[in-house]
K.L.:
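Quick one: the structure is below, and I'll ask about it shortly.
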Amino acid sequence: MWMVVEGRRPSGRSRGGAGNRPPWRGRYPGGVTFPVVGMVGGGQLARMTHEAGIPLGIRFKLLSDTPQDSAAQVVSDVVVGDYRDLDTLREFARGCDVITFDHEHVPTEHLRALEADGIPVRPGPDALVHAQDKGVMRAKLDAIGVPCPRHRIVSDPQDVAAFAAEGDGFPVVLKTVRGGYDGKGVWVVDSVEEAADPFKAGVPVLAEEKVDFLRELAANVVRSPHGQAVAYPVVESRQVGGVCDTVIAPAPGLDEDLAVRASEMALNIAKELGVVGHLAVELFQTRDGRILVNELAMRPHNSGHWSMDGAVTSQFANHVRAVLDLPLGDPRPRAPWTVMVNVLGGDYPDMYSAYLHCMARDPQLKIHMYGKDVKPGRKVGHVNTYGDDLDDVLERASHAAGYLRGTITE
């Protein structure tokens with residue numbers, strides 16, 4: 001299921017311009033009047049967000065770690081610099097009408113400084129901190145009544161043992177409160193002896209119960225500054241080694257009431273946290289019929305990549321619209337089923353030569369590559385397939401991703 005929630009624009013003229021025209025003055029030569037979006041981070045999310053802005057005439061300026069980063073290969077205006085340096089961020093923000101991100105690692109205090117300089121930051125630091133710090137996130141979700149796994153901040157391995165004893169015992173999930181992604185910064189420990197490693201990072205550690213879940217779901221929503229919001233169909237996300245492997249849209253066999261509850265929960269989180277842009281709410285569907293929030297991401301997300309080909313408006317296009325306070329696009333699916341499978345690097349680096357087989361076998365296949373060097377286990381692209389028969393769509397996507405990686409040879 002999908003939703004559109006209409007917000008209310010401020011009274012008076014839309015966004016303060018003459019009539020209904022936004023007051024973009026243009027900061028590039030040649031009389032350009034379209035806005036400039038500043039994207040911090042040069043990864044594949046920035047690359048695909050830039051792609052979504054091209055048909056809208058939106059200009060992008062990129063702050064990238066290196067000139068070889070995925071987005072730096074395709075964006076014309078690239079600044080190479082350190083996002084952790086405030087002076088670099090301030091210089092980068094000159095000429096940008098809004099700042100957004102392809103990761104959540106910019107220091108919160110730097111974002112507050114940009115806002116104090118008058119630069120719109122979307123999502124803002126008050127919202128983004130909930131994706132940056134898992135302890136802050138859990139405290140806020142508790143305060144607004146969102147169901148989560150049992151959890152608390154722990155101080156040492158003995159405190160982990162005490163947390164385990166308060167519940168059903170080991171195993172326990174330990175997470176560093178900052179910096180983890182794709183399974184990094186996460187440990188499943190079976191004893192107090194195994195609980196020592198997470199504390200070596202020197203940051204607070206969050207302990208959580210190990211949830212007996214049926215499957216993982218994701219609810220993706222987008223919210224604009226004036227409160228309009230859309231919800232994409234709730235999807236099933238299948239993980240391999242802590243990394244997203246396959247996404248099925250919509251989640252097969254998901255009870256309609258549970259789907260509505262998940263979407264409404266995600267929309268409420270976006271509203272309560274003041275999120276502007278895309279929010280992914282990663283969920284556990286438990287065996288006893290509950291849904292619990294696992295993680296939050298305030299940017300386009302792997303669980304929404306299917307929407308590039310499977311939805312009327314992709315997550316990337318709606319993220320661009322949201323940060324610019326444009327009306328949001330239709331999130332409805334184009335086909336009964338869409339499947340995304342990540343293409344991970346393996347021992348076969350020449351993926352381009354595999355296109356011939358994949359394209360000839362499935363003319364409807366959509367291949368998205370990120371311009372990255374192939375390394376074992378690295379996300380280097382994804383494939384999308386869609387259609388009326390789920391088993392067929394799953395097989396086509398899995399075959400294409402496996403053939404590109406080299407694990408399937410026929």
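Side-chain atoms are counted along with the backbone in the values below, which use heavy atoms only and exclude waters and symmetry mates.
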K.L.:
Are Asp69 and Arg47 close enough for a salt bridge, meaning some N to O gap below 4.0 Å?
P.N.:
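Answer for the salt bridge query: no.
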K.L.:
Is the backbone N or O of Val129 less than 3.5 Å from a side-chain atom of Thr108, with the two atoms forming a donor-acceptor pair by type?
P.N.:
no
K.L.:
When rounded to the nearest 0.5 angstrom, what is the spacing between CG in Leu296 and NZ in Lys140?
P.N.:
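Taking CG in Leu296 and NZ in Lys140, the distance rounds to 12.0 Å.
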K.L.:
Is a side-chain N or O of Asp330 found less than 3.5 angstrom from the main chain of Val312, in a donor-acceptor match?
P.N.:
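Not at all, since once roles are kept as given, no pair shorter than 3.5 Å links the two residues.
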K.L.:
Within the side chain of His382, is there an N or O that forms a donor-acceptor pair under 3.5 Å with the backbone of Met340?
P.N.:
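No; judged by distance alone, with no hydrogens or angles, the pair does not exist.
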K.L.:
Check whether Gln239 reaches the backbone of Cys244 with its side chain - one donor and one acceptor, N or O, closer than 3.5 Å.
P.N.:
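Judged by distance alone, yes, a pair lies under 3.5 Å.
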K.L.:
Would you say Gln364 and Thr385 make side-chain contact, with heavy atoms under 4.5 Å?
P.N.:
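Answer no - side chains too far apart.
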K.L.:
If we ignore hydrogens and angles and just use 3.5 Å, is the side chain of Ser307 paired with the main-chain N or O of Gly304 as donor and acceptor?
P.N.:
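Side chain of Ser307 to backbone of Gly304, a donor-acceptor pair under 3.5 Å: yes, one is there.
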K.L.:
Checking Lys61 against Phe92: charged group under 6.0 Å from the ring centre and within 45 degrees of the axis?
P.N.:
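Here Lys61 passes the 6.0 Å and 45° test against Phe92.
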K.L.:
Could you give the distance from CD (Glu216) to CD1 (Ile291), rounded to the nearest 0.5 Å?
P.N.:
14.0 Å
K.L.:
Do His319 and Thr49 have a side chain donor and acceptor closer than 3.5 Å?
P.N.:
no
K.L.:
Would you find a donor on one side and an acceptor on the other, under 3.5 Å apart, between the side chain of Gln73 and the backbone of Gly371?
P.N.:
yes
K.L.:
Does atom CG (Asp142) have a neighbourhood of more than 12 heavy atoms from anything else shown, all under 6.0 Å?
P.N.:
yes
K.L.:
Between Lys271 and Glu264, does any NZ, NE, NH1 or NH2 come within less than 4.0 Å of an OD or OE carboxylate oxygen?
P.N.:
no
K.L.:
For Tyr348 and Ser353, run side chain to side chain donor-acceptor pair (under 3.5 Å): C-alpha distance rounded to whole Å, both residues' side-chain angles, the deciding distance at 0.1 Å, then the answer.
P.N.:
CA-CA 10 Å; Tyr348 183 64; Ser353 64; 3.1 Å; yes
K.L.:
Count the heavy atoms of every other residue, nucleotide or ligand shown that sit under 6.0 Å from CG of Asp288, and state whether that count exceeds 12.
P.N.:
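Counting neighbours around CG of Asp288, more than 12 heavy atoms of other residues, nucleotides or ligands fall under 6.0 Å, so yes.
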K.L.:
Is any side-chain heavy atom of Val177 closer than 4.5 Å to a side-chain heavy atom of Ile153?
P.N.:
yes
K.L.:
Could you check Val339, Ile367, Asp309 and say which one makes a side chain to side chain contact (heavy atoms under 4.5 Å, CB included) with Asn384?
P.N.:
Asp309
K.L.:
Might you confirm whether atom CG of Asp350 has over 12 heavy atoms from other residues, nucleotides or ligands at distances under 6.0 Å?
P.N.:
yes
K.L.:
Could you state the interatomic distance from CG (Asp87) to CG (Asp82), rounded to the nearest 0.5 Å?
P.N.:
11.5 Å
K.L.:
Can any side-chain N or O of Asn294 pair as donor or acceptor with the backbone N or O of Leu283 at less than 3.5 Å?
P.N.:
no
K.L.:
Could you check Phe34 against Arg59 for side-chain contact (heavy atoms from CB on, under 4.5 Å), going step by step and ending with a plain yes or no?
P.N.:
CA-CA 7 Å; Phe34 282 73; Arg59 288 179 174 261; 5.7 Å; no
K.L.:
Just by modelled atom types, is the Gly43 backbone N or O under 3.5 Å from a matching donor or acceptor in the Asp102 side chain?
P.N.:
yes
K.L.:
Which heavy atom of Val235 sits nearest to which heavy atom of Ala251, and what is that distance?
P.N.:
C-CB, 3.7 Å
K.L.:
Could you grab the distance from atom OG1 of Thr246 to atom CD1 of Ile248, nearest 0.5 Å is fine?
P.N.:
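Rounded to the nearest 0.5 Å, the OG1-CD1 separation comes to 7.0 Å.
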K.L.:
Determine whether the aromatic ring centres of residues His305 and Phe316 are separated by less than 6.0 angstrom.
P.N.:
yes
K.L.:
Should the heavy atoms of other residues, nucleotides or ligands under 6.0 Å from NZ of Lys210 be counted, would the total exceed 12?
P.N.:
no
K.L.:
Could you walk me through whether Met298 and Leu273 pass side-chain contact (heavy atoms from CB on, under 4.5 Å), step by step?
P.N.:
CA-CA 11 Å; Met298 293 181 195; Leu273 273 56; 3.7 Å; yes
K.L.:
Run through Arg152, Arg150, Arg138 and flag the one making a salt bridge (charged side-chain N to carboxylate O under 4.0 Å, His left out) with Glu208.
P.N.:
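Among the candidates, only Arg138 passes.
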K.L.:
For the residue pair Ala262 and Ala219, what are the closest heavy atoms and their distance?
P.N.:
O-CB, 3.9 Å
K.L.:
Can you tell if the side chain of Leu254 reaches within under 4.5 Å of the side chain of Val234, non-hydrogen atoms only?
P.N.:
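Heavy-atom side-chain distance check passes, below 4.5 Å.
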K.L.:
Going through the checks in order, is the side-chain contact (heavy atoms from CB on, under 4.5 Å) test met by Tyr83 and His105?
P.N.:
CA-CA 8 Å; Tyr83 63 83; His105 305 313; 3.7 Å; yes
K.L.:
Check Pro198 against Val205 and note the closest heavy-atom contact, atom names and distance.
P.N.:
O-CG2, 3.7 Å
K.L.:
Is the shortest distance from a Lys or Arg side-chain nitrogen in Arg396 or Asp392 to a carboxylate oxygen in the other one below 4.0 Å?
P.N.:
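Yes, this pair counts.
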K.L.:
Might you work through the side-chain contact (heavy atoms from CB on, under 4.5 Å) test for Phe101 and Arg299, ending with a clear yes or no?
P.N.:
CA-CA 7 Å; Phe101 315 93; Arg299 49 173 169 74; 5.7 Å; no
K.L.:
Please check if any side-chain donor atom of Lys379 sits under 3.5 Å from a side-chain acceptor atom of Gln44, or the reverse.
P.N.:
no
K.L.:
Between the side chains of Asp133 and Arg178, is the shortest nitrogen-to-carboxylate-oxygen separation below 4.0 Å, so that they form an ion pair?
P.N.:
yes
K.L.:
Can you measure from CG (Leu217) to CG (Leu258) and round to the nearest 0.5 angstrom?
P.N.:
7.0 Å
K.L.:
Looking at side-chain heavy atoms only, is the closest gap between Val320 and Leu56 below 4.5 Å?
P.N.:
yes
K.L.:
Can you tell me if His278 and Asn220 form a side-chain donor-acceptor pair at under 3.5 Å?
P.N.:
yes
K.L.:
Classify the angle between the aromatic ring planes of His399 and Tyr403 as parallel (below 30°), tilted (30 to 60°) or perpendicular (above 60°).
P.N.:
parallel
K.L.:
With no hydrogens and no angle check, is any side-chain donor or acceptor of Tyr232 less than 3.5 Å from a backbone partner on Ser314?
P.N.:
yes
